[in-house]
Every structure is written in structure tokens, then in C-alpha cells.
**Student:** 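Would you mind keeping the following structure in view while I ask a few things?
We number each residue from 1, following the sequence as shown. Since the model is a prediction, treat every value here as computed from it, not as a measurement.
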Amino acid sequence: MNIRLSYYGWMVTRHLVSVNQLHLGDSPETDLLLDLYTGLSAPYADSSLQHAMRDEGLIELSNDSVSRDDIRLGYRRNPFEHVQKVIFEFTTYCNFNCEHCYNAQVPRLTESDPQLLMDAANSLLRMGIRRFDFVGGEVSRYGDGWLDVVEHIRSHGDDIVISLYTNGWWLEQENFKAAGQTFVSTQAYLEELKRRGVSHIVFSLDGQGELHDASRHHAGLYQKVLRGLDQVKKSGLAPRVSLLIRPEWSDAEFEAFLAEPASVIYDFDPLTPPGERALRLSLDSTNALSNFIDVGNGAGDDTIQFPILEERSHALSCRNFYRLSPTLTIKANGELASCRLSQAGEGYGNLNQQTLVEVLNHFDEAFVYQLHANHQLEKYLPLVDRSLFGSAFTHLCSLRAIVTMLARRMHEEFISFEDVSAIERINREVAILTGHLSKRDLSTEI
């Protein structure tokens, strides 16, 4: 019997090598990590060192019959090799009900044990992750305890990027409650965010001017956010934006949308062409650009781009389910997720039942991983009830999410392809989660 690095151990060792923090002779553990990183495997020894490293999840047993090429290939397929940031979805509660929200129908809950996330952050930091995004819902309002996690992460280095994603409800407010405290002003809140370790404030925008205000159901919010970008910058924090890109926009509309916040964020000269401003914003990875996806409140949009056809030019399986890039999400229910659309990216493991390291080391054993890695979604596609979901979507990810959730539920409930009534029920359950069917519609039909 041999030993080799686990997925987690390989990431930890790769990071330590990259920052020149592993040297032969530092310690017996360091020596073993370097031996396994370069030699791929070593004989198993019933020693206290190996027992401790196995308990920590750094190494695992490997059958003697596994070749060095197989081990090397396994490391090359490490699901986390390209992960650059982790999203902590601290809460799904929100004070807005935006027209496009793709998580509008997910159950409402908030992380009740911030220590779970602190423990997870310790492991992620050892892997070399230096960027953490805190999102909701609206974490700034409903995420009591999230700043404790921020402060814990910040204690590990000033170079770490820690972002708050927000709809900006707290801008230009007085005597408001956020993060479990009451603040006399927006400036007082910004000072507390900076003191606790937040580095970036990312405001969500769904379009320019009245388009954004209509989507968020708050008149004047767009201009308030633009003013807020400037206030954030003056407070010593970095203002950024998360932009919703709509499929019907022309190139000029797209550039104008990006150029306006870019002017404030980067202090552009007013004469700078919109295209140059838009390019600067889009190349800064601390901003976020996402496409309109017709899941949740966006379900039912009549823009047709990806019809369900027997022959398609687009692959249904998604590489991000088995080679995450650039994001890993930890959701408010404790689930690790590869995708944030409804519940499509869940199914790998839950922090309320396992440690983060345990989930990471067995990530490739999950059904959803195998479903996408082995390109098995196509066989579930004919089971999608077109009377519920329609025959087209504005974005291919909508269809992927639906098929993934359908397949996973069938797998977990041991539903065969011949069980028509069970498949019909699961279709309806998925349709509720994705906003294509309301519970009221379901109860009426029943």
C-alpha cells in the first residue's frame, strides 16, 4: 500500500511551493509533502506522522496497482486547480425582489454558525485562495455574523481581497441596522466595513438609469449607486460593480452601460471614449459581468436563443461542474456548489455534515460531478417536460440547470427512466425551484 497527496494536499503543497515556503529539512511533514509532490507516491508507513497527515486530509492511501501516470493524470484533473476565489453565500434573505433574480424561489435561510465558515476559510487560505466574496440575498442586511468571518480572514494577510456584494439599500441612510448593528450614517457603516477587513464594495446594476430602477423596484437607485461609488472610494475602500448583461443590447448599449460606472471607479477623463472605459472595467476581475439567465424571476422571457432540439451545436454538459473556474461557492445551507443557479450546482457535500477538506477530497465522487464530466446530461434531456419549461431559453445555462436538477433528484430517489409518474413529479418540483411553475399553480392543478 502506498500514499499520495489528496486533492487538498496537492493544492496546499502547490501553493507552498509557489511562494517558496517549503524547503527540505524544515520538518518531517514538509519533507513528505515535497517527496509526494515530486515523486507522486511513497510507501505507507504506520507512523504517527502519516496518521496525523491523513487525519488532516493532506494524504490518502493509494493502491499499489495505481501507476505514476494515473496519479499524475489525477492531479492534472484536480477540480480546484483553477479556483481563484470563493463565494460565501451567507444568506438567501433579501429586501429586494429583482425582476431577473435566479435564486428567487430557493428556500430562505441564513448561515447560523459563522465558525463553520472560519474553519473552511482556514483550509482555503492554505490552498492559496486570496479572494473571498460575501453575497446573498442581501448579506449586508440579513447576514449577522458575516463580519466576524471577514475579520478572521483578514487576520491572515493584508493582500487578501474581501468583497461585499450589495444592492446598495444602505446608501444615504441614517440610523439603519446592518450586520447586526445600528449605524448613524452610511459613512459610519463604511468605516466599520473597512475596520473589520472588507476591501471592496461591489454594487449590483441591471442596466442604466430607469432600467435598473425598474428591475429593482426602487426609483432613483441607479443614481444613488453612482454617488455611492464615489463615497466608497473616498472612504478608502475600492468601489466595484456587478453588471447584468442583457442579450438584446447592441455593442454601443453594452459599452455605455460599462463606461458610466467605470468613469467614477477609475477617475477617467470625461473625454475618454466609452469603449476604452468599458474595456478597463471588464478587464478588472474584481468587477463582475453576468448574462441574463431565465431562471427564477427571469423565467418566461420570450427571447429565444437556445431551443431544445434533438440535434444541438452546443454541449449540454458544463466543464465548471468538474473543473471549477474561477469560483467555488459555499451556500447558506452549507452546500458546496459549482454553480449558483437555483440548486443546480449543489450535491458535492455539506459543511453541516462534513469538513471542507473531506468534501474537497471526494469531490469527484459526487453524482453531479460524474454527470457533467462523463457528458451524461444528454440522456436526461428527453425527460424535460416542455409543457412546463417551454421549448426555448434565453441562456443555455438555464437548460443545463434544469436537466442537472432533474437528473440528480432521479439519482437520489432511485427513479428509473421508465417511472413516468415520478419523473413528472420531479419535473414539477424543479419547475417550482426555477420559477417556471408556482406552488399556487401546482396546487390548482392537483
Side-chain angles (χ1 to χ4, degrees), residues 3-19 21-22 33-34 36-38 40-41 53-60 62 70-89 116-135 149 153 156-157 159-163 285 288 317-331 334-341 344-351 353-374 404:
I3 56 169
R4 62 183 178 187
L5 292 173
S6 64
Y7 281 142
Y8 172 68
W10 188 85
M11 290 292 294
V12 168
T13 308
R14 187 186 74 156
H15 170 62
L16 293 175
V17 168
S18 71
V19 295
Q21 289 186 4
L22 277 190
L33 288 176
L34 281 173
L36 292 174
Y37 191 68
T38 56
L40 302 180
S41 66
M53 293 177 70
R54 283 185 66 192
D55 290 343
E56 195 177 350
L58 291 168
I59 62 174
E60 60 188 10
S62 174
D70 288 338
I71 296 174
R72 185 179 290 108
L73 181 62
Y75 291 150
R76 288 175 56 192
R77 291 175 174 173
N78 189 316
F80 319 108
E81 181 182 5
H82 303 296
V83 173
Q84 299 173 10
K85 68 175 181 177
V86 170
I87 294 175
F88 287 138
E89 183 198 67
L116 279 179
L117 299 187
M118 294 183 199
D119 293 341
N122 291 339
S123 299
L124 294 163
L125 288 161
R126 288 197 69 190
M127 290 167 57
I129 304 300
R130 308 302 283 179
R131 178 174 170 184
F132 297 85
D133 295 348
F134 286 80
V135 307
V149 184
I153 295 172
H156 288 78
D159 63 320
I160 303 170
V161 173
I162 304 177
S163 301
S285 63
S317 293
C318 176
R319 187 175 182 268
N320 195 58
F321 279 75
Y322 57 95
R323 290 278 281 170
L324 283 69
S325 177
T327 302
L328 172 68
T329 296
I330 299 177
K331 304 189 76 173
E335 287 281 328
L336 266 68
S338 53
C339 170
R340 292 190 64 227
L341 291 185
E346 300 178 11
Y348 301 94
N350 193 299
L351 294 188
Q353 300 162 355
Q354 302 168 275
T355 66
L356 175 77
V357 172
E358 288 172 334
V359 178
L360 296 181
N361 283 341
H362 298 280
F363 202 82
D364 58 352
E365 298 171 14
F367 172 77
V368 284
Y369 178 103
Q370 297 292 335
L371 184 70
H372 286 264
N374 296 324
T404 299

**Student:** How far apart are the closest heavy atoms of Gly347 and Ala366, and which atoms are they?
**Tutor:**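 The pair with the smallest heavy-atom distance is O-CB, 3.6 Å.
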**Student:** Do Glu60 side-chain atoms and Arg4 backbone N/O form a donor-acceptor pair below 3.5 Å?
**Tutor:** no
**Student:** Calculate, to the nearest 0.5 Å, the distance between atoms CG and OG belonging to Leu36 and Ser41 respectively.
**Tutor:**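 Answer rounded to 0.5 Å: 7.5 Å.
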**Student:** Between Glu358 and His362, what is the shortest heavy-atom contact and its length?
**Tutor:**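 Here Glu358 and His362 meet closest at O-CD2, 3.1 Å.
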**Student:** Report the distance from atom CD1 of Ile59 to atom CG of Asn361, rounding to the nearest 0.5 Å.
**Tutor:**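 Answer rounded to 0.5 Å: 11.0 Å.
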**Student:** Within the 4.5 Å heavy-atom criterion, are Ile160 and Leu125 side-chain neighbours or not?
**Tutor:**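 A side-chain contact exists here, since the closest heavy-atom pair is under 4.5 Å.
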**Student:** Would a 4.5 Å heavy-atom cut-off, applied to side chains only, mark Ser285 and Gln84 as touching?
**Tutor:**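 They are not in contact (no side-chain heavy atoms under 4.5 Å apart), so the answer is no.
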**Student:** What residue among Leu351, Thr355, Asn350 forms side chain to side chain contact (heavy atoms under 4.5 Å, CB included) with Gln353?
**Tutor:**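 Of the listed residues Leu351, Thr355, Asn350, the side chain to side chain contact (heavy atoms under 4.5 Å, CB included) partner of Gln353 is Asn350.
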**Student:** Start with the C-alpha gap between Phe132 and Leu124, add the side-chain angles, then the distance that decides, and say whether side chain to side chain contact (heavy atoms under 4.5 Å, CB included) holds.
**Tutor:** CA-CA 10 Å; Phe132 297 85; Leu124 294 163; 4.0 Å; yes
**Student:** Mind checking what makes ring-ring contact (aromatic ring centres under 6.0 Å, His included) contact with Tyr369, not counting sequence neighbours?
**Tutor:**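 Not a single residue meets the ring-ring contact (aromatic ring centres under 6.0 Å, His included) criterion with Tyr369.
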**Student:** Please report the closest heavy-atom contact between Ile330 and Ala120, naming both atoms and the distance.
**Tutor:** CD1-CB, 4.1 Å
**Student:** Rounded to the nearest 0.5 Å, how far apart are OG of Ser123 and CE of Met118?
**Tutor:**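 Here the rounded value is 14.0 Å.
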**Student:** Can you name the one residue among Asp119, Asn122, Leu336 that meets side chain to side chain contact (heavy atoms under 4.5 Å, CB included) with Leu356?
**Tutor:**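 It is Leu336; the other options fail the test.
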**Student:** Should the pair Phe363 and Phe80 be assigned to parallel (<30°), tilted (30 to 60°) or perpendicular (>60°) ring geometry?
**Tutor:** perpendicular
**Student:** Search all heavy atoms of Ala121 against all heavy atoms of Ile153 and return the closest pair with its distance.
**Tutor:** CB-CG1, 3.8 Å
**Student:** Does any non-hydrogen side-chain atom of Ile71 lie less than 4.5 Å from one of Ser62?
**Tutor:** yes
**Student:** Starting at CG of Leu58, measure out to OG of Ser6 and round the result to the nearest 0.5 Å.
**Tutor:**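 It is 6.0 Å, given to the nearest 0.5 Å.
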**Student:** Answer whether the closest heavy-atom distance between the side chains of Val17 and Leu34 falls below 4.5 Å.
**Tutor:** yes
**Student:** May I ask you to decide if Glu56's main-chain N or O and Tyr8's side chain share a donor-acceptor pair within less than 3.5 Å?
**Tutor:**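 Not confirmed, Tyr8 side chain does not pair with Glu56 backbone.
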**Student:** Please enumerate all residues that pass ring-ring contact (aromatic ring centres under 6.0 Å, His included) together with Phe134, with sequence neighbours excluded.
**Tutor:**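 Result, ring-ring contact (aromatic ring centres under 6.0 Å, His included) vs Phe134: Phe88, Trp146.
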**Student:** Closest heavy-atom contact between Gln354 and Gly349?
**Tutor:** OE1-CA, 3.7 Å
**Student:** Do Phe321 and Tyr348 touch side chain to side chain, with heavy atoms closer than 4.5 Å?
**Tutor:**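 Yes; the side chains approach each other to less than 4.5 Å.
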**Student:** Nearest 0.5 Å, what's the CE-CD1 distance between Met53 and Ile3?
**Tutor:**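 Atom-to-atom, Met53:CE and Ile3:CD1 are 7.0 Å apart.
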**Student:** Just by modelled atom types, is the Trp10 backbone N or O under 3.5 Å from a matching donor or acceptor in the Asn78 side chain?
**Tutor:** no
**Student:** Quick one: does Thr329's side chain have a donor or acceptor within less than 3.5 Å of a partner on Ser338's backbone?
**Tutor:** no
**Student:** Any chance you could measure Cys318, atom SG, to Leu324, atom CG, to the nearest 0.5 Å?
**Tutor:** 9.0 Å
**Student:** Keeping Thr13 on the side-chain end and Leu33 on the backbone end, is there a donor-acceptor pair under 3.5 Å?
**Tutor:**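 Looks like no, no N/O pair under 3.5 Å.
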**Student:** How about Glu81 and Arg323: do any of their side-chain heavy atoms sit closer than 4.5 Å?
**Tutor:**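 SC-SC contact between Glu81 and Arg323 confirmed.
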**Student:** Measuring only between side-chain heavy atoms, which start at C-beta, is Met127 closer than 4.5 Å to Leu360?
**Tutor:**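 Yes, their side chains come closer than 4.5 Å.
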**Student:** Flag the pair Arg319 / His372 as yes when at least one side-chain heavy-atom distance between them is below 4.5 Å, and no otherwise.
**Tutor:** no
